[in-house]
Structure formats: structure tokens, C-alpha cells
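Down below is the structure, laid out as C-alpha cells.
Throughout, protein chains are lettered first and strands after them, A, B, ... in sequence-line order, and every chain is numbered starting at 1. All values reported here derive from a predicted model rather than from experimental measurement.
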Amino acid sequence: MIEISGLHKSFVGQDGSTVNALDDVNLTVNENEFLTVLGPSGCGKTTLLKATAGLIGWDSGDIVIDGQPVRGPGPDRSMVFQNFALMPWATVLDNVAFGMRMRGVGKAEREERARTLIKTVGLSGFETKRPGELSGGMQQRVGIARALAVRPKVLLMDEPFGAVDEQTRRLLQEELLGIWEGQQLTVVFITHSMEEAVLLGDRVVLMSARPGRIAEIVPVPMARPRSHDIGAVGRSPEYVEITAYLWDRLRDMHEEHRDVRAGVTA
Amino acid sequence: MIEISGLHKSFVGQDGSTVNALDDVNLTVNENEFLTVLGPSGCGKTTLLKATAGLIGWDSGDIVIDGQPVRGPGPDRSMVFQNFALMPWATVLDNVAFGMRMRGVGKAEREERARTLIKTVGLSGFETKRPGELSGGMQQRVGIARALAVRPKVLLMDEPFGAVDEQTRRLLQEELLGIWEGQQLTVVFITHSMEEAVLLGDRVVLMSARPGRIAEIVPVPMARPRSHDIGAVGRSPEYVEITAYLWDRLRDMHEEHRDVRAGVTA
Amino acid sequence: MSTLAGPLPPRRRGLLRRIADSDRPYQILTFVVFAVVWEVYARQWGGLLIPTFGETVVATFELLGDPELWQALYVSNQALVIGFGIAVVVGVPVGIVLGRFPTLERFSDVYLNILLVTPMAAIIPLLVMSVGFGLISRVILVTVFSIVMVIVNSRTGVRSVDPGLIEMARSFGASERQIWREILLPGALPAIMTGVRLGLGRAVTGMVIVELLMVSVALGGLILEYRGLFQAPLLYGTIVIILAEALLLISVARWCERKLTPWARTNSAKDPR
Amino acid sequence: GGGGSTTNDDGTLNFSVALIEPDITTVPILAALDAVRQQGHQVKVVELAEPELAIEGLAKGDYAFSAEATSPALIAIQQGAPIRIIADVVGNQWAVYGTTGVNTCDDLAGRPFGIFSEGAVATAMAKDWVRGTCAAGKEPRYLTIGGSDVRAQALLAGEIDATPLEITDAVTLEASGRTGFTRIADFATSLPDLHPQTVYANADFIGDHREVTQLLVDALVAEHRKINENPQYLVDLVSKYLPDTRDPNVAQIAQRYVEGGLFDAAALTDANVQGTIDFFVRAGVLKDGMTAADAADLSFVKAGS
Amino acid sequence: MVGGRQLTSAGTPGLLSPRRLPAGAISLAVGAVVWEIAGRIVDQPFLPPLSAVVARLADMVGSGMIVGSLGASLVNLAIGFGVSLALGLVVGVAMGRYRKVEAALGVYVYALLTAPSLVFAPIFFSLLGDGRGSIVGVVVMYSAFIMIINTASAIQTVPGHLVEMARSYGASERQVLLQIMLPAAAPLIMAGVRLGVGRAVVGMINGEMFISVIGLGRIVTQAGGRFDGAGVLAILLVIIAVALGAVALVQAVDRRLTRWLPTTSRPATPSRRPVPAGARKTSGGKP
Ligand SMILES: Nc1ncnc2c1ncn2[C@@H]1O[C@H](COP(=O)(O)OP(=O)(O)OP(=O)(O)O)[C@@H](O)[C@H]1O
Ligand SMILES: Nc1ncnc2c1ncn2[C@@H]1O[C@H](COP(=O)(O)OP(=O)(O)OP(=O)(O)O)[C@@H](O)[C@H]1O
Ligand SMILES: [Mg+2]
Ligand SMILES: [Mg+2]
């Protein structure tokens, strides 16, 4: 269980101005929950995820995972980065195996798991390429494979399917749901696609922009498992209803935000 | 008018293997057309766009724009890059103004146009920030503003709205359509969103993967102008029909491709 | 500038074109210019200590057949190998530490600068007084000569590693040591290798200088001897051989660099012409 | 004429003299140059780092005079450089000093013996001495160390067991308070005909400007005479021309030079110049066939005396 | 542990640069104390205590020896370094950008970087005489090549996509160089300039020690010859002060030019906690 309470985080820019990225964020992610996060660009989603991963500090508040306050990264969590964060010098195989290597997985097992995951994300045949030789979507999939490979308890995903086409995205969604259903795994999943948020999530968190706050948490009642036929889930009436609701809520927030766009103080 | 005929391009990897990125691509983009491109990840969309921009060479074939064969970048074209390609040392304002500076636009006009476009993409207040201080979606919008600022005749956009939330995306789509409707402008627009491809495009180009080929070109019959209420366009029966058709076609292609995934030859 | 766009030129090209595209003609051209300028200058204005190009070439070959030279090379290079080895083994980690821990850097910066700017020639007498004339002092001097280059470039290299990668590694629980080995070292490698090349050059200088000023053995001894006897062609022949050795070592370093950093070629901005 | 010289309207000359790190043996020359200046000539003294540079400049005619080790000048002359030896700077002042327990050449067998590089006078003398006095197979192990002063320090530090030293460094060694050093060979007595340090000149310059050259040689002879009359005069010259030298032993050093009769600019004769040449030929530094007449122009010292 | 530059500077914006000064001063002070103590313990002529060296230095300054020499030396340094910098940037950029230039000049640049400049003394002497020319030549020889090589390497590591971007906007070759290559390569180039300026100071002294013996080089040669440890070190203090001044100047420029550089360094606050809760509450600057 992840408990985030009273989280504040502001950035002081090099130009001296301050940006309030997170302002009193309170959020509980249940054990084995699939939580999706929606919010306008720049509202602090990445910041929240990185704080949970223990990668950046914050000004005040607490993040507690399974009773332990977060003091840094831990082996229980792994993250898919919005900007992929691939090592340009390493091959696809080495990039995927990296997380496992850091966690002391033996070479043979590492390679085997890496190859399996490379296949899962549809990159077989590209094992020996370097990131510079891959298309954007292919790079993103390498990052996903890397995060999955370490079999974390908490998977933090920052717009993981943003750069792939819808077919591949659908396949990856199914794979992800399959993995999530098959093991003890908590997922926090940032996306810009309302459909994706609803299809995958147990609850959808709506964030509002500057200062970033939790605006609303919308439970998704559709039955599990959904991995077998995501398409069918997408045609269910609950799905259509919730998506419409989210759409309205986000539009309202967006308009509000446009009126008070004053998050930047000199 | 852009005429691409018999375009071939293969990459020889550092591991010695060859990837056929484009294989006999033939395509004509009409004057002032809004052409959208869909295709599986890694199928060669970026490669095609960069070749048209005059940024990379190819093995054989021709690209002719308004009767002139492409031999390098020209002032008629500008490009939005998939990986943003922002200068980390320059502020948002300077990044947006960069293209104009290269084309000799005077300082005062440059700044003014840059500020207007920064406002258009929703980044007012961030003029003096550097890319490292922006969220992913914000960086992407800087790249869009930069490409628009030079008022090109041909705008080449590589997944330009991939990293922004749907509301912002909707706004940007409307802005883009507005600009396109208001001036002489040809747009080639790569996207992974079928909805987007149909909402924006006059025709949708479907590409198939490795070797990258033009699989089909689907005309979009919906009336123009669409910029006033994109939402309404999205509810029209033609829209629903075409999207469904594209979805099927792409799924077929995807399955085919999964069977023959042998684009990598040793 | 010609661009890379458009259909690539056909793979089989005319002979002339191939010659114009390869490096050789430019290398030959500069070499000819260099040789001619040298020859003409030496003939017109040369003195006792300025041989002509031709004399130097002859002397160089003469030297290459002389066992004394090989003996000298062997002796000199002992100091070079050990001293430069130390510089790399110590310098790279120190540079990375400094790049990674700004506090440490702020406090050590002054000393790095001091090491960089101290004219070693001036302290050679002091060095002699403290450690004597043996191999040790030659090694120390070679190390002192080259280590700053390695440190400064490694530090800069670390600074230019994408911080996102460090974040990534930490998210996978990489220890500080692993971050070094897996991210900082490879990420900084191009800059480190530049430092190694610069350091190598400096190490060769150090090797000769110490022999010139302190213990005139081996190559330094040969130089002093030929200079003292006004045998200019042999003097510069010796120097040519030393430089050839340095260039050889530097090309080896370059070769290693290319082997070690193949990714740099896909995303570097070097104009391939 | 040569010597980088120009003649002023009033007939006085502008010329340059190159010196290498002036020390106690060169101050008389500085004093003599002052005497030349008093005659209205403009003399520029350039301090260079290496004797080879001075020779090079002298040969090219940039400098009129220089004064340093004799051997480089002889080598240059043999290679056709227009240089002539015209006077003596200081007699043979070299002696080999050994550390405790080293009294003869044989004691040095296989032990470190400090020399300067090949071609240097002291090296040639030391090797000549070893050849002449050491039993066969008992050669010392040569260790090449630049500079008499550095070798003195090395001897003190125990890095080497013996080395040739100049008087200045020998005195420093004695004054160090450490005992046990012995003079195992004294070249001043064994090789009195050898003149390791001389004044030499650009041949064109002395040909064109005989009076000025004569003026300089005479002045140098006069300075040397004053020193020999009163060693304190040398001490005064040192503090005048080398103000930053603070050698506490300078009086003692001056005394030793005078006692040895080493300062005599006019001491050069055809015979001892030939002797010097022959020595260097024997040492392998010079090729055979050079005569005193090729190397020296002794007319100035002769005219003076 | 967690957080980057924004964390360390959150409460004290703008304090970052002045903070550097005390750090240098503090470590110099520590070094001075260590030296003094070591000097007293060792009690050898090659390591006189700092106080003795400073006394000697005061002496030398008092006698006017240093000030006079220093002026001329500095002029040589300035001219030589200026020439080197221009050479370093122009030749370095050309070599980094154009393979053919690198092919043509690479060997010579590396050879001259490696060559012990001392052995070229006769050539400088022959070409430039025994005056200022030679010393400026030595300064150039010492500092130019290192800057050329560093600049060339820096240019070669500029990310290709930025160049592509600039060219897509029709940037001319000159614009690519000035607007993309130079800024992107600035951190590495400045590292080279910093090495270069240090080497220039060394060149200045060595020129004065090994060609014509004048100025500070002369004083240090003479002191070295006398094994006057305090004298050598006193002059070295002066040289180092000059050099540190020059390097500080370069660093100031460097900091201005490369402010945008993201931190890969660990934050200065070594706490393993993300940040003590509430500690920065006031610094957050909430409106
Ligand atoms: N390192 C940083 N320095 C300064 N400001 C930052 C930094 N990182 C983020 N910010 C600011 O914090 C705010 C939130 O950024 P964040 O990356 O969390 O947004 P996001 O919700 O992930 O947006 P997107 O959907 O576009 O990725 C933005 O306004 C951004 O400008
Ligand atoms: N510089 C390169 N070197 C080698 N191979 C490359 C290079 N750039 C692209 N490729 C290969 O060419 C193919 C097409 O790449 P491209 O970037 O055009 O794909 P894309 O359609 O844009 O994909 P995405 O939607 O994921 O961005 C890929 O298989 C990729 O591996
Ligand atoms: Mg984000
Ligand atoms: Mg792409």
C-alpha cells in the first residue's frame, strides 16, 4: 500500500521563479491496485511518480509504502520513464537486462528473461541494436521491457505507451494486464488517454494543474479480468459513461485552469 | 506539391545487419493538403519525413517538391521532431525563436511572434525556463511553436501531440487546423491516433512495417472547416465509419506483420 | 555546404572522386607542404642546430638501425608505462568523484588548478632532492605531467552525462558503485578518452623532460648528447622517433576509443566529409 | 660586420653578448663589459639558457661574444661555424670528489658515479681519468646528472658515490658540515693545459672591430689582475653583478680561485689551446685534424701582455 | 540523496557562485597549515615551511625584483594565450567538424602536443630571436594544441539531432557552428580552455627558463640552481597566484556559458532522506 499525504514540491527555476509542481497531494494506492493518473500537461504527474520512486526530494509531506517511509529508491519499485532513459552505449538486450543486473540476477537468467520480454514488446531481432538505431516507439518499448524484467511489487509507469501505434498499444495493454492479473503487483500508470485510463484502471486519479493537486478520484466498476478482450470492455456501457464523465471533468478543469493560469510566480 | 517516387532507404546497423526502413514508397501530397500518416511503430514514418525534410539521404528514388528535387533542407519546409530536439542551453523563448533567427527574421518581430506562439501552445509564463525545467508535454509544445513560427509552406509533424493530454491536444488540433485553414500550407502529420488522423486529415496514409511501404491511402470525406468544433466532427457517422475501417485494416496489417516479422536480415 | 540529402551517390564511384573523398591526399598534401617549408627554411636560415628535412630523414633511419636507440627507448618507456598507468588508474576515478560530488570538487578545485599550472621544470630540483634520481622520480614526474588532463576531462565527462540516466539507474536500485561503473563511466567515456589522449601526449613530454633536466639517461640523454655535439640531424631524428612513438600510442588510444564507444557514431554531429 | 652590431655616428658600436646563467666565474666578464661601455659602446647582455643557443647565435652573427664551456665552441668551429676563441674565462677548476670510503678510482668499481652528458668537459675529463687510473674491469657505474650543483646535492644525499665538481660546489660540499668527502682526483693539477671555459667571439666581428675586441680582452685581463691582487674584489663584483646570490661561502670560494691561480684571461697559448683540442679529440668529442690556429685568435691576448 | 540542484539551492537562490570562493579559500588555508606543519617536521631544504617561503617572498617583493619581472611576463602570457585561444577554437572546430581537416592536421597537432617544447628551443630561437617573440611562441606551443584537441573532441560529441534540427531550419554552416556546435560543446571546450590557460602560464615560465633567461623564470632558475627551496617555492607561489587568477577568470566565463548544464552530481546535502519534512516549507515560495 502506498500512502501519500500532504505532499508539497516546488521547483526554483534558474531564472529565479518558483513553480509549484505539487501542492498538498493526498493519495492512497491499495495493495495490488491498478491506479491510472490523468491530468493536464505539466500538472506534476511525473513529479509525483518520481517522488514515489524515491528519485527526487520534496518540500514537505510523507510517502509511505507498506509502512516504510520512502527515503530513496527500493527494490520493490520499478519505473518506466517518460523520456525512456535508455543508455545510448548499451544494446537493446543490455538495456533490458540492466535493471536485473542491478538487482543481482545471474547472467543466464537475465538474458533469458530479457529475450522473453523483448519478444513480448515486439522487438525480437533488435537485441543487438543500440537505442540510436531504433525508432521512438521502439525505444519506448525497450524501457517498458526493462521495468517489467525486474518483477517489481510496485510498477510506476509514466506515459508508457505514448509513442507506439494503437495496435501495438493494445497488445502491450493486454500483456500488461495479463502480467498484473497473474502476480502480486501494484501499478501506478500515467497516461493522456482517457480510454486507456478507464480500460486499465481500478480507479482513475484526476490531477489539476499548477499547483498540482488531486482533483478527483473516479472508481472504474468494470469487471476483471479485462485482459482477454480489451476491445469488448471498450464497448461496454459503463466504459462509455465513465469516459464521457472524465472528458467533461477534464474539460472543466482545463477551462478553469486557463482562467487562472498563474502558476508561475516571479 | 510533394511527389515521392520509388523511395528506398535501408540502414546498415553497427552489428552489421541491414534494416529496410523504406521500400519503394510512392506518394503524392497535394498543394495545401493535410495528409496524416498512420503505421506500426518502427515502420519508417520518421525516416520518410526526415527524407522529405532533406535531413537524411536515401538509397534510390526521388522526392520532388513543386518541381524541385529535394537536395537538402529548404525554407519552404519546417519540421516538428518526434524527440523534440530542443537546445538545452536556450530558454523557451530562444528555442521558439531559433527557426526564425536562422531565417533572418528581425529581433523584435521574432520575439513578438515567439511570444504569441508560446501563448498559443499554452506556455505563457515559461518563456525564460530552459527545457530541463519543463515537463515532457511542455517540451513537445515548444517544438511545435518553433516549427509554426517560421510560417512554412510545408509543415512536417512527427507525432507532435503524442506527449500532451487530450484536452491540450484538442486545443492544439484546433489551433493547427485554424492556422492551416487560414493560410497556404501543406501538412504531413504522423500520428498514432486514428481519431486524430481522421479528424485532421484530408487523406490518411497507412504504412506497413518492415520493409516500410504505403499500404493504403484512405480519403476522408468530412466537410471543412472542421476547426470550429472538432468534437462534433468526431461524432459524425462518416468519422465513425472510417475509424472503424482503419482499425480493421491496421489490425490485419499488424497480424500479417507478426507472421512475417523478418525485416531484419543478417 | 553540400548536404547529405537526396539519393546517396552510387556506391561505385570514379577513381578521382574516390581519391578526393579519402583522407590520404590531404595527409600527403600537408606532409609535402610541411617537408618543403622545413627544407627551405633550414637551407636558407638554418643554423648549427637546425637540420634540413632530408638530413633528418636520413638520420632517423640511421638511428633506427642503432641498438643504442632501442635500449634508450626501452629504458625511457619504463617510466612512461608505469607513470601513465598510474595517471589513468588514479585520474579517472578521481575525476569521476569530483564530477559527482560538487562539495568535494569545490574544495579540491584549487589544488587541481595548482597541479595544472605548476611549472614542473621549476620543481625538478626539489623533486631530485626529495626522491633522488631513480625510476621513482621519473615515474612521479610522468604521472604528475599527465594526471591533470585525465582528471579534468573525466570530471567534465561526468558532468555531461544525462542525469536522467542516473535517475533511471537509481530507480533500479543501483548502488553508488554500480552507478559509476554502469552509467558515469560509459557516459563519460568519450570525454575520458580525450583526457587519456591528452594525458598520453603529456606523459611522453614528461618522460623526455625529466630525462633532459634531471637524470639524463635514455632518450633524454641521447638528445642532450646530440645537442651538445651539435649533431642536429641526429637530435631531431631522435625527436621524430619520440613523436612517432607518441603518435602510435595515441592512435592505439583512438582505436580503443572507437571500440569502446561505438554508439557515439550514431548520434554524433561530425560531418562525414 | 657580425655580432649583431651596428655602428653609431660617433664611431661607437652597438653589440650583443650572450651569457649562460652568469656565476662567479663570469662576473669578471660583466665587469670588463662595463669598462667597454665606458668607452661609449653600447653592449647588450643577453642571458640564455643553454650554451648551444649562444653558439648558435654567435655563429649566425646575432652575438659578438660569448663565454662558456670550450667544447661546444670547438665542435661548432669544426663544423665550420665562424667562431674564434679569444681569451680564457677560468682555468681548469675541476676535481673529483668521493664519499666516505672512496679514495681511489678502484674503490668506485660498480658504484654510482655522477657525470654530466656526453660532450661536456667534465664528463670527458672524468672518463679520461677512469680510463687512465682505474684497473681494467673496475669501472664505476655512470649516472648522468645535469649540473655540477645538482651532482653536489646528489653526493650529499648519497645518491652517487663520486663526481667531478667545480670549486663553488666543492666549497659548498665542504661547508655543508658533512665530513668524509675526499678529493680523489684534481684535474687542475693533472690536466693544467686544459681550458674548459673560454671567451669566444664571432669571427667577422673581431675581424671588423679589432679595437673593441682588444678593449674587452684588455679589460678582462685587468679585472682578473685585480682579483688576483685582492680576492675581496671578486666578492664585491659578485655582490654587484649577482645581487640575488646569497652564497655565504663566496669569500672562501673567491679565495680558492685566487689560490689556484685560475683567473688569467691571457693564459691561453697556442700550446695549451692545442692541448685542449687534443684532449677533446682523445675524448672522442672532436674529430682529428683541428689546430689551434683554426680555433683561436690569440692575437688579442698576446697584444695585451 | 534525492533531488538535484533545485534542492540544494532551494532556500538560497543565487548563493551558489559566491559559495565557491570560501571553499577555495578554506581548502587553501588547510593546505597552508598542512604545509607549514609538514615543513617543520620534515625540516629539509626541499620542503621549507610556508612561513619561511612567505618571508622569502616578502623579501623578494620588497626588493622590487618580482613586480618588475611580473609585468613583462604577464604581457607575454596575454599575447600568447590570446593567439592560442584563437587557434584552439578555429582549428579545433574545423578539425572536429571536417574529417578532411582532421586528416590533414591531426598528426601535427598531436605531435606538437606531445613534443617536449624544450627541445624546440633552438627552433624558436632561430625563428623568433631571443626576445618576446620566442617566449610568446613557447606560450602558444604550450597552450594551443591542448585546446585544439579538446575543442575538436567536444565538437564531435555534439548530439546529431540538434544539428539536424538546425539544418531543417536552413541554418547555414556558419550558423550551425555558432548556434549549435559551440554552445553544445561549450562545457568540454571550456574544460580545454581551462587546461590551456594553465599550460600557458607554465609556458611563460618555461620560456623564461629555457630560452632567454629573464623575468620570473630567471629568478626561479637561479634559486633552483642554488637549491634554494624557499626561493623556488616563493616564485612558484607568485606563478600559482597568477595562474589561479587566470583560471578563475576562465571559470567565471565557463559558469556563465554552461549554466544550463543539468547536474549529474549528487546534491550537496548528503542526507538520505528525501528532505526533512517541513524543513523547506518556508522556502517553497508559495504565493
Ligand atoms: N527539474 C525541474 N526544474 C524545474 N522545474 C521543473 C522540473 N521538473 C518539472 N518542473 C516543473 O514542474 C511542473 C510539473 O512537471 P511534471 O514533469 O511533473 O509534469 P507532468 O504532469 O509530468 O507533465 P507532462 O504530462 O507534460 O509530462 C512543470 O510546470 C515543470 O515546469
Ligand atoms: N539511424 C538509424 N540507424 C539504424 N537504423 C535506423 C536508424 N533510424 C531508424 N532506423 C530503423 O529504421 C526503421 C524505421 O524507423 P523510423 O524511426 O522511421 O520508424 P517510425 O515509423 O518513425 O517509428 P515510431 O512510430 O516508433 O517512431 C526502424 O526499424 C529503425 O530500427
Ligand atoms: Mg510527465
Ligand atoms: Mg518515428
Exercise. Under a 4.5 Å heavy-atom cut-off, does chain E meet the side chain of B:Ala53, its backbone, both or neither?
Worked result: neither

Exercise. Between E:Gln175 and B:Arg101, do the side chains contain an N or O donor and an N or O acceptor separated by less than 3.5 Å?
Worked result: no

For this session: Taking all heavy atoms of E:Ile180 and all of B:Trp89, pick out the closest pair and write down the distance.
Result: O-CH2, 3.5 Å

Exercise. Is E:Gln179 close to B:Phe98 at the side-chain level, that is, under 4.5 Å between some pair of heavy atoms?
Worked result: yes

For this session: Sorted by first residue and then second, give each ring-ring contact (aromatic ring centres under 6.0 Å, His included) pair with at least one member in residues 26-52 of chain B; sequence neighbours left out.
Result: B:Phe34-B:Trp180, B:Phe34-B:Phe189

Exercise. Does B:Glu112 CD have over 12 foreign heavy atoms under 6.0 Å away?
Worked result: no

Exercise. Could you go step by step and tell me if E:Met165 and B:Phe84 meet the side-chain contact (heavy atoms from CB on, under 4.5 Å) rule?
Worked result: CA-CA 9 Å; E:Met165 184 278 293; B:Phe84 317 155; over 6 Å; no

Problem set entry | Largest heavy-atom contact set with chain E, pairs under 4.5 Å, which of B:Arg103, B:Met79, B:Met87 | B:Arg103

Seminar exercise, completed: Here the pair of heavy atoms bringing E:Leu162 nearest to B:Leu86 is CD2-O, 3.3 Å

For this session: Taking atom CD of B:Gln184 as the centre, report whether more than 12 heavy atoms of other residues, nucleotides or ligands fall under 6.0 Å from it.
Result: no

Exercise. For the atom pair NE2 (E:His161) and NZ (B:Lys50), what is the distance rounded to the nearest 0.5 Å?
Worked result: 9.0 Å

For this session: Give the C-alpha distance, both sets of side-chain angles, the deciding distance and a yes or no for side-chain contact (heavy atoms from CB on, under 4.5 Å) between E:Glu164 and B:Ile56.
Result: CA-CA 9 Å; E:Glu164 229 173 41; B:Ile56 57 173; 3.8 Å; yes

Exercise. Of all the residues in residues 140-151 of chain B, which have a heavy atom that comes within less than 4.5 Å of a heavy atom in chain E?
Worked result: B:Arg146, B:Ala147, B:Val150

